[in-house]
Peer 1: 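Please find one structure pasted underneath; my questions will follow.
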Amino acid sequence: MKFVNLKPIIYVGLVLLFLTSCGENKSTQNNPVEKSINDLLSKMTLEEKIGQMNQLTGLGLSDEMQYNVREGRVGSILNELEPTVINELQRLAVEESRLGIPLIFARDVIHGFKTIFPIPLGQAASWNPSVVEDGARVAAIEAAAAGIRWTFAPMIDVSRDPRWGRIAESLGEDPYLTSVLGAAMIKGFQGEDLSAPNSMAACAKHFAGYGASESGKDYNTTWIPELQLRELYLPPFIAAAEAGAATFMCSFNDINGVPSSGNPYLNKTILRDEWKYDGLLVSDWGSIEQMIPHGVCADLKEAAELAANAYVDMDMMGFAYINYLKELVESGAVSEKIVDDAVRNILRLKHRLGLFENPYVEVLDEMPFYTESSLQKAKQAAVESAVLLKNDGNVLPLGSKVKTVAVVGPLADAQADQVGTWCFDAEPEHSVTPLTAIRNEYGKKVNVIAEKGLVYSRDKDKKGIERAVNAAKRSDVVLFFAGEESVLSGEARSRADISLPGAQSEMLTALKATGKPVVLVIMAGRPLTIEKEVKEADAVLYAFHGGTMAGPALADLIFGKAIPSGKLPVTIPRMVGQIPVYYAHKNTGRPGANVDLIDDIPVGTLQTSIGFTSYHLDAGTTPLFSFGYGLSYTNFDYSDVKLSKNTISRGETLNVECTVKNTGKYDAAEVVQFYMRDKVAKLARPVRELKGFEKIHLKAGESKTVKFSLTEDDLAYWNEDMVKRAEPGEFEVWVSPNSQTGKAVSFYLK
Ligand code: NOJ
């Protein structure tokens, strides 16, 4: 047996203890909240501390829950929705538990509580931070009135795989767009003052890399080099921390073999030490326990040890901490300092929410649900979320010659499906469908013939198609509302085939065969591979799942009362085999060109390797629609881009401007996008990176000059030494209506 001289270790330990306590004293002595947290902590038993770290799902006022609350064995309850029950549980916590620490009530309020806004991916298509902020504000007002003070949103996982069902909950494929819109959502949930009774703590999730799950299968493995983690997946989380997100949530996936709930590098080194984050980190549901099937822990006790030592503050429904943390601390496997820090983070959140002063929810006679203003905001969000992908012959907006419209398709009148995934509390009877809105708002202008054709999106029974075709024959225009049922996207709703489900594609072909113009409106939770359908339809409006007010929004867009202004927050592939396909790809040594498609290769052609480039024989070089794409009923003209300088030095800012003119006949909004490319760098850089955007409103004939800027930090990237640095040389910028067009202008960094 080897003996270790403990003296130096004890010495270093004492010095560290001294330094740590000095640090704590310094930061807490002038801060009354930190002082009161420490006072409370000093009175807590180890069991009570661990109780705070335990989050349970609601069981009403069951004996078990009452016992847990009275004994201080639970710090937060999720999924409890009845205000009187919430107040009674809170009373037990505040009046009958030994230390009277209030509970936090939590719920997944993702894109609305009662008034449902478009799915987050749809909101992202608005490229409008105030639309996103409004959605979160309305959700907070409604949910907080029911006693919910903590929501598990925004989901800011950068998502480049439309097979992944959770892409619906994301803000798309780009880290910059996700950062800006994620911060807007946090602002909306948390309001001006987190302690106000109508504010909810936001939760930046899932930390981290969840969007990279293999083959888009939920909960799956990810392999993410640190450079990519820092460049692609972490920026929205830094933005969330800077925006004051009160909490973070661990992701289910492992990164390079390490599940996030057991990853101290992510949760401590990056989150706490680098970013100085002082909010609460909660596990995902059972994600601590799931480190057993991941194969990194033998049992729940090991999982508790790994998670606690990975600085996960709260165990959501994993029962690991409540069962094992005490003995782990007593045995020295987990230090009490880790537990204390976790409890500090939890108590800090309770302070920030004002729960110590005001623990109860006011039980209202009339809940602030579905107010006129909330419904208007939800409608505006749905208007701005729809992306016009095609409009041959200006079929849209429908003109005065259209006397009869056929409203067909499984999504035309599907109240539950149009709200999309992740709205546990939605009441479908409040959804206004396209059919209802067209009848109510435009029924005096046009005759409406309604015929679903297919009952639901997966319906393969073609009997009804015939009736829809007959309706089409009797109409001037066909409005085909197609897509996915809400249950086909969201958590655990990954698809390997992301084409239009059921017999919808055949129905479109049959409708088109009538010779009538067909407007295809897609209501879905993800980009779908609809190349054939886009070719067939005369106009295509991609509306995602638009929420409670999707119908009135779409009706206004179709009849021209509203003008489309959405732009894709994510690339739409032609076919699944192209995935991952995204705009910010690298150029490669042989960028796609000289495309020779599979059917163009003469039979008997010999194999060579000369002159070949990077593309798919059957899909070519491009996706169906790229990031940032979206048409309007009007046209916009972009003038030449002007730069403040041709060369900048380190520390200088480059100013860029471009004048955009509405040259068409409709007043409309345009999302002006600003991209950059680092032409030559030590590490190959993307062909374009989004660095700014602005949604502007232009009357017909009006022009506006839009200004952007780039600082040295904007030019910098994470290099192989894990340092973010800008390299001198040539850069290019574009101010353009999407990620593919516009004229590149060069400048240099000295
Ligand atoms: C699991 C999901 O991954 C997470 O996003 C959600 O917030 C929790 N369940 C709680 O419902």
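Indexing begins at 1, ligand by ligand and atom by atom, following the structure's order.
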Peer 1: Between ligand 1 and Glu169, is the shortest N or O to N or O distance under 3.5 Å?
Peer 2: no
Peer 1: Does Arg166 approach ligand 1 within less than 4.0 angstrom via side chain, backbone, both or neither, non-hydrogen atoms only?
Peer 2: side chain
Peer 1: Does atom CD of Glu429 have more than 12 heavy-atom neighbours, drawn from other residues, nucleotides or ligands, at distances under 6.0 Å?
Peer 2: yes
Peer 1: Quiz question: by atom type and distance under 3.5 Å, do the side chains of Glu173 and Thr571 form a donor-acceptor pair?
Peer 2: yes
Peer 1: What pair of heavy atoms forms the shortest contact from Thr548 to Lys114, and how long is it?
Peer 2: OG1-O, 3.9 Å
Peer 1: Using heavy atoms and a 4.0 Å limit, tell me yes or no: is Met155 in contact with ligand 1?
Peer 2: no
Peer 1: Regarding Ser170 and Ser159, do their side chains bring together a donor and an acceptor under 3.5 Å, going by distance alone?
Peer 2: yes
Peer 1: Going by distance alone, is a donor N or O of one side chain under 3.5 Å from an acceptor N or O of the other, for Tyr210 and Asp218?
Peer 2: yes
Peer 1: Which of the numbered atoms in ligand 1 are under 4.0 angstrom from any heavy atom belonging to Lys205?
Peer 2: 4 (C), 5 (O), 6 (C), 7 (O)
Peer 1: Quick check on contacts: which atoms of ligand 1 are under 4.0 angstrom from a heavy atom of Phe152?
Peer 2: 7 (O)
Peer 1: Any N or O on His206 sitting closer than 3.5 Å to an N or O of ligand 1?
Peer 2: yes
Peer 1: Does Asp284 reach ligand 1 with a nitrogen or oxygen that is under 3.5 Å from one of the ligand's nitrogen or oxygen atoms?
Peer 2: yes
Peer 1: In terms of residue, atom name and distance, what is the protein heavy atom nearest to atom 10 (C) of ligand 1?
Peer 2: Asp108 OD2, 3.1 Å
Peer 1: Once you measure the plane-to-plane angle for Phe113 and Phe369, does it fall in the parallel (<30°), tilted (30-60°) or perpendicular (>60°) bin?
Peer 2: perpendicular
Peer 1: Check for me whether Met249 has a heavy atom closer than 4.0 Å to any atom of ligand 1.
Peer 2: yes
Peer 1: Can you give each donor-acceptor pair under 3.5 Å made by side-chain atoms of residues 177-189, sequence neighbours left out, with the distance rounded to 0.1 Å?
Peer 2:
{"unit_1": "Thr178", "atom_1": "OG1", "unit_2": "Asp174", "atom_2": "O", "d": "2.7"}
{"unit_1": "Ser179", "atom_1": "OG", "unit_2": "Pro175", "atom_2": "O", "d": "2.6"}

